[in-house]
Every structure is written in C-alpha cells, then in structure tokens.
Amino acid sequence: MTRLIVSLSALVMTVSAPFADPVTDYAENCQECHGVNRLGGLGPALIPQTLGRMRGPNLVSVIRNGRAATQMPAFGEIMSDSRIDALSAFLQEPLADVPPWGDEEIMASRVLNEDYQPADKPVWSSDPMNITLAVETGDHHVSVLDGDTFETLDRFATPFAVHGGPKFSPEGRYVFIMSRDGWVQKYDLYALKEVGRVRAGLNSRNIAMSHDGKWIAVANYLPNTLTILSAEDLSVAAVQEIKGKDGTPSRISAVYQAPPRKSFVLALKDVPEIWEVFYGPNPPHYGFAHDWRIEGPAPHTKPFPVRKITTPDYLDDFFFDQSYEYVMGASRSGAGGQVIDLVIGQKTADLDLPGMPHLGSGITWKHGDTTVMATPHLKDNAVSVIDMQTWKTVKRIETLGPGFFMRSHENSPYVWVDVFFGPNRDVMHVIDKESLEIVKTLRPEKGATVAHVEFTRDGAHALVSIWEEDGAVIVYDAQTLEEIRRLPMKKPSGKYNVWNKITFSEGTSH
C-alpha cells in the first residue's frame, strides 16, 4: 500500500470519529493513489492477487505504521485497530467485478518518457556484456552494477513488486521489467534512462521476449489473457483470451520463449493444457493433418496463431531441454512431473520428482557422457538430478531445507542452491558438479534469508543476496568460495547478468 498520499479528510479524522465502514475508509484514505476500483494508480493494486506478500498482520502493520522511504503514511493515529482490521479484510476480498483490460485500456496506460534520448554508445566505460542488474524489493529499485568493479552505475525506480526475471534485448542494450500489477517497464542500459512503461494486465506473472527482440509476451492472472507487446514502443500487438479447449477460462502460470521454435510456450493454471503461441513468419501447421488430438489453425489466418496441447495433469512450472523439443513440467499435486514432446504434442516420460520441484529454477550441465538437469524442491529437503537422455533420477541430494533458486556457470565446478524455506533459510549449499556432493555450506549472515545466485560473465565471481530490508549482495570468489565484498542494498532479490541471460548460459534459468 505504498505511495499513498493522505487526503484532507484523513487529516482531520481521529480515533473517536464516527464509525466508518471499510468501503468509506478506502474511499477517503486510499483511492486517491490506489484507484476507485482498487486496481492501482500512483500506488499498487490492493487486491488479493497483489497483496499475497502482505496478508494478515503484515498488511495491518503497513496500514498502521506506513512504509519507510515511500509516500505511504501511518494511519495508526487516526484509525482505531478495529477499523484497520476491517480495512485490511476488505482489501483482501476479491473484486466483485473485473473491469475490461484489452487493447484500448492497455494503450491508454502507456507512458513514454519525454526526456528520454537514446545514446549512440554507452554513457559509461564498463563491459556492456558484464552488466548485472540487482532487483531491490525493499524500496522497488534496480541497481545497475559493473560486473568487473561491482560499482553502481545507476539505481532506478521500478513499478511496485517486480516479479519474474527481467528480460534483455538480444544485443543486451534494453531491459524489460514486469511488476505484479502488470506494468512492463523498458529501460535503456546504454543511456541509463527509462524509455517508458505500459500496463499489460491487472495482475501478471512474468514476461518472455522473442528471440529476435521484437515481441514481449506478458502472462496474466487478471484478466485471463496473454498480452503481446511491441518491444520497440510498448504498443499492443495482440491480446489473446485464455480459454481451454472446452471453453474453461484459465490464468497463465508462466510464459517462456522457445527460440528454435520461434514461439512462446504457456503454462496454464486452470486447465490441463500447454499452449504454444507462434510469432515467427512461417509458423508450422498443426491440426488434423498431424494428430486429431492437437488443436491448431490450419492454415493460419491471423498473427500469433495458437496451438493447444492437452496434458495428463495440470502443469504450473516448466523446464526445456537444449533443443526446446522437450518440456519438463511439474505436477500441481507435487507428486512428480512429466515430459511433453512439443513436436508430437504428447507425454513421453514421467519424472520421479516428489516434493514439488521448482523447475523454473532448474539448470543443466555436462556430467560424464550425458547432460543432467538439477532442480530444488519447494516442499522437500532435496535437490533432484535428472539424466536428460533417460529422464531418470541420477541422484537425490539431501539439503537442510526446501530450496527455491539454483545457479551455476559453465566455467564453474560448482552448483549453488539456497534453502529458502524453513529455519535454515540462512544457508547456501555449494554442490560439486562431478561428485554431486555438497562440498561446502555457507552461512554468511546468521538468521538472515540467503538466496539467489548470479555469476559474472566469466564465472569468476558469484553474487548472493542477503534478502533482508537492510540487506546486501555478497560477492564471492567462485573458485575459492571466499567472500570478496558486500554491497549494501534494500532487500535484494534476483540478480541478472546480461551475458549469461542473452547467451542462455547453461547455469542460469531462462
């Protein structure tokens, strides 16, 4: 509930004021910044989908005490505890009606920076391929770091609650950042300036960029749509309503790019289907000519044709093999996973992955005469290592708790995995790629959440987040595992190196 400006009526209210219902309290104290319909304005949307990180006492505390370094004031002196509780409960109720959010509404939200001027070359002298972004969720900023010196080149404001990894244009010049509220921000790393932003959805999950840098796909929870934007000017190219083959509406859990296939691949939340949306000039023709169980336009009559593939189970999370022919999906039940062949549109294997693997954070590396994929688990104290030829589990590595993020680098002998959940969240395990054994357990700050690793371009250094309000990014020597430096930051979460991302490094998620 950040950036809320107290209205004049709020200033004269006191705890002894007449009883007010939460709808009235919202209208008098919140809607100026958060919108008449709670869908956001200067401040973020105040709906359950956005408030997932501020439920219960946390949301009450924000209303009562405000938020530091924002325009969100404290209401504890002018509202009683019962009124704050009622307002908090009201904000966590689903909207009775979801307003339309299509081409017209999206385009009306677009704001291009009038002061932006593109630069012919970077305004800094650092290696353009070794720039690393650090997302600071504490005050909604991103720090632009020189990957050699670790000095901050810029620190710019982002929309509220960045979610999903930022995506770089193929040459590494522009970065696109998405928030929970559906805002997509374009930033020029050469000029160190924001280009503009547009609200592609009301509540969104993540974005994907086409391999040619022309299109940005935005996965939305609210409304049930996929928005495709022009990467050049953030204009709307298409808004695709998401309904399964039987007409059931569905949210999108995530969208991914599949470069060799010139397509976006969608994980759907509410129907057991995978969707493939083609953006290339000559999309393949799927349909009755190949398999009657696959739905697809044949021939294609409009841009961004959709192919719908029925799956045996709901799949919320994906990982692709190097060819992007096979997609590994995690079952919602947490009892395992499956492998879907995108060419034939059928399941080809089951995966022994109990404990709800976080496949979106999986990584690969060469192991002997095969390639393996490793993934942490959200509910089990383990990392699973899968042979990507046989789809069998090579090893299950026991950890000190469930993990969320996993990273490595082709030049590193180690894999790093956090223990994001549970009492040992201050732990970072380092696993040897050959022996598949934990060779070191780091505890850089006792009791603090330690999470998410990113490497520099050459793999010489590993950057780890102390995920706390007064946190830091720790720079480690990736060979000796010794701490080199700490960069103070406001609740840093993910870090993203230009080179590793645009080259699809085997040690990073895509």
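Everything numeric in this text was worked out from a predicted model, so none of it was measured.
- Taking a cutoff of 4.0 Å between a charged side-chain nitrogen and a carboxylate oxygen, Arg261 and Glu276 qualify as a salt bridge.
- With respect to Asp270 and Arg251, a salt bridge is recorded, a charged nitrogen being found less than 4.0 Å from a carboxylate O.
- The residues Lys395 and Glu437 are annotated as salt-bridged, a charged nitrogen and a carboxylate oxygen being separated by less than 4.0 angstrom.
- Within the model, atoms CD of Gln240 and CD1 of Ile228 stand 8.0 Å from one another, a figure rounded to the nearest 0.5 Å.
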### Query
Would Ser408 and Glu506 count as a side-chain hydrogen bond (donor to acceptor under 3.5 Å, both in side chains) if you check the C-alpha gap in whole Å, the side-chain angles of each, and the deciding distance to 0.1 Å?
CA-CA 8 Å; Ser408 186; Glu506 68 177 25; over 6 Å; no
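- More than 12 non-hydrogen atoms from other residues, nucleotides or ligands lie less than 6.0 angstrom from NZ of Lys440.
- Using a 4.5 Å heavy-atom cutoff, the side chains of Leu229 and Phe176 are not in contact.
- Closest approach of Val372 to Met388, counting heavy atoms only: C-CG, 4.2 Å.
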### Worked verdict on Lys262 versus Ser210 for side-chain contact (heavy atoms from CB on, under 4.5 Å)
CA-CA 7 Å; Lys262 297 181 175 62; Ser210 61; over 6 Å; no
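- Contact record, Asp418 with Phe404: OD1-N, 2.9 Å, taken as the closest heavy-atom pair.
- Shown here for Pro159 and His140, the closest heavy-atom pair between the two residues is O-CB, 4.1 Å.
- Ring pair His452/Tyr496: centre-to-centre distance below 6.0 Å.
- Considering only heavy atoms from C-beta on, Phe168 comes within 4.5 Å of Leu189 through its side chain.
- Sparse packing is recorded around CD of Glu232, with 12 or fewer heavy atoms of other residues, nucleotides or ligands lying under 6.0 Å away.
- A salt bridge does not link Arg173 with Glu171: none of the charged nitrogens is closer than 4.0 Å to a carboxylate oxygen.
- With a 4.5 Å cut-off on side-chain heavy atoms, Met373 and Phe319 count as touching.
- The shortest side-chain heavy-atom distance between Leu378 and Pro402 does not fall under the 4.5 Å cut-off.
- Outside the 6.0 Å centre-distance limit, the rings of Trp215 and Phe264 are not counted as a close aromatic pair.
- Between Pro170 and Met209 there is a side-chain heavy-atom pair separated by less than 4.5 Å.
- For the 3.5 Å distance criterion, the side chains of Glu273 and Trp275 qualify, holding a donor opposite an acceptor.
- Note that CG of Leu353 and CG of Asp317 are 10.5 Å apart. Values are rounded to the nearest 0.5 Å.
- Side-chain contact annotation: Glu136 with Ser143, donor-acceptor N/O pair under 3.5 Å present.
- Checked by atom type and distance alone, the side chain of Trp365 pairs as donor or acceptor with a backbone atom of Lys433 at under 3.5 Å.
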### Message
Test ring pair (Phe, Tyr, Trp, His ring centres under 6.0 Å) on Phe421 and His377; report intermediate values, then the result.
### Response
CA-CA 10 Å; Phe421 306 100; His377 291 253; over 10 Å; no
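- Judged by distance alone, the side chains of Asn500 and Thr508 never bring a donor and an acceptor atom under 3.5 Å apart.
- Across Val453 and Ala462, no two heavy atoms sit closer than the pair CG1-CB, 4.0 Å.
- When each of Val277, Val239, Val306 is checked for a side-chain contact (heavy atoms from CB on, under 4.5 Å) with Leu226, only Val277 meets the rule.
- Using a 4.5 Å cut-off on side-chain heavy atoms (C-beta onward), Ser263 and Tyr324 make no contact.
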### Task
Test salt bridge (charged side-chain N to carboxylate O under 4.0 Å, His left out) on Arg443 and Asp426 and set out the steps.
CA-CA 6 Å; Arg443 216 175 213 122; Asp426 56 355; 3.1 Å; yes
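- Of the residues Asn220, Thr227, Asp181, the one that meets the side-chain hydrogen bond (donor to acceptor under 3.5 Å, both in side chains) test with Ser204 is Asn220.
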### Task
Go through the steps to decide whether Thr132 and Asn497 satisfy the test side-chain hydrogen bond (donor to acceptor under 3.5 Å, both in side chains), and finish with yes or no.
CA-CA 4 Å; Thr132 296; Asn497 179 268; 3.1 Å; yes
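- Between His409 and Phe455, the ring-plane angle classifies as tilted under the 30° and 60° cut-offs.
- Applying the side chain to side chain contact (heavy atoms under 4.5 Å, CB included) rule to Met129 yields the partners Asp127, Arg457, Val498, Trp499, Ile502; only residues at least two apart in sequence or on another chain are considered.
- Aromatic ring pairs are classed by plane angle as parallel below 30°, tilted from 30° to 60° and perpendicular above 60°; the pair Trp467 and Phe405 is parallel.
- Side-chain contact between Glu410 and Ser505: present, with at least one pair of heavy atoms (C-beta onward) separated by less than 4.5 Å.
- Under the 4.5 Å side-chain criterion, counting only non-hydrogen atoms from C-beta, Ile340 is in contact with Lys347.
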### Task
Go through the steps to decide whether Asp341 and Thr348 satisfy the test side-chain hydrogen bond (donor to acceptor under 3.5 Å, both in side chains), and finish with yes or no.
CA-CA 6 Å; Asp341 185 329; Thr348 59; 5.7 Å; no
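- Residue Met107 comes nearest to Val236 through the heavy atom pair SD-N, 3.5 Å, listed as atom of the first residue, atom of the second, then distance.
- In this structure, Arg205 satisfies the cation-pi test against Tyr221, with its NZ or CZ atom closer than 6.0 Å to the six-membered ring centre and inside 45 degrees of the ring normal.
- What you find for Tyr414 and Ala478 is that their closest heavy atoms are CD1-O, 3.6 Å.
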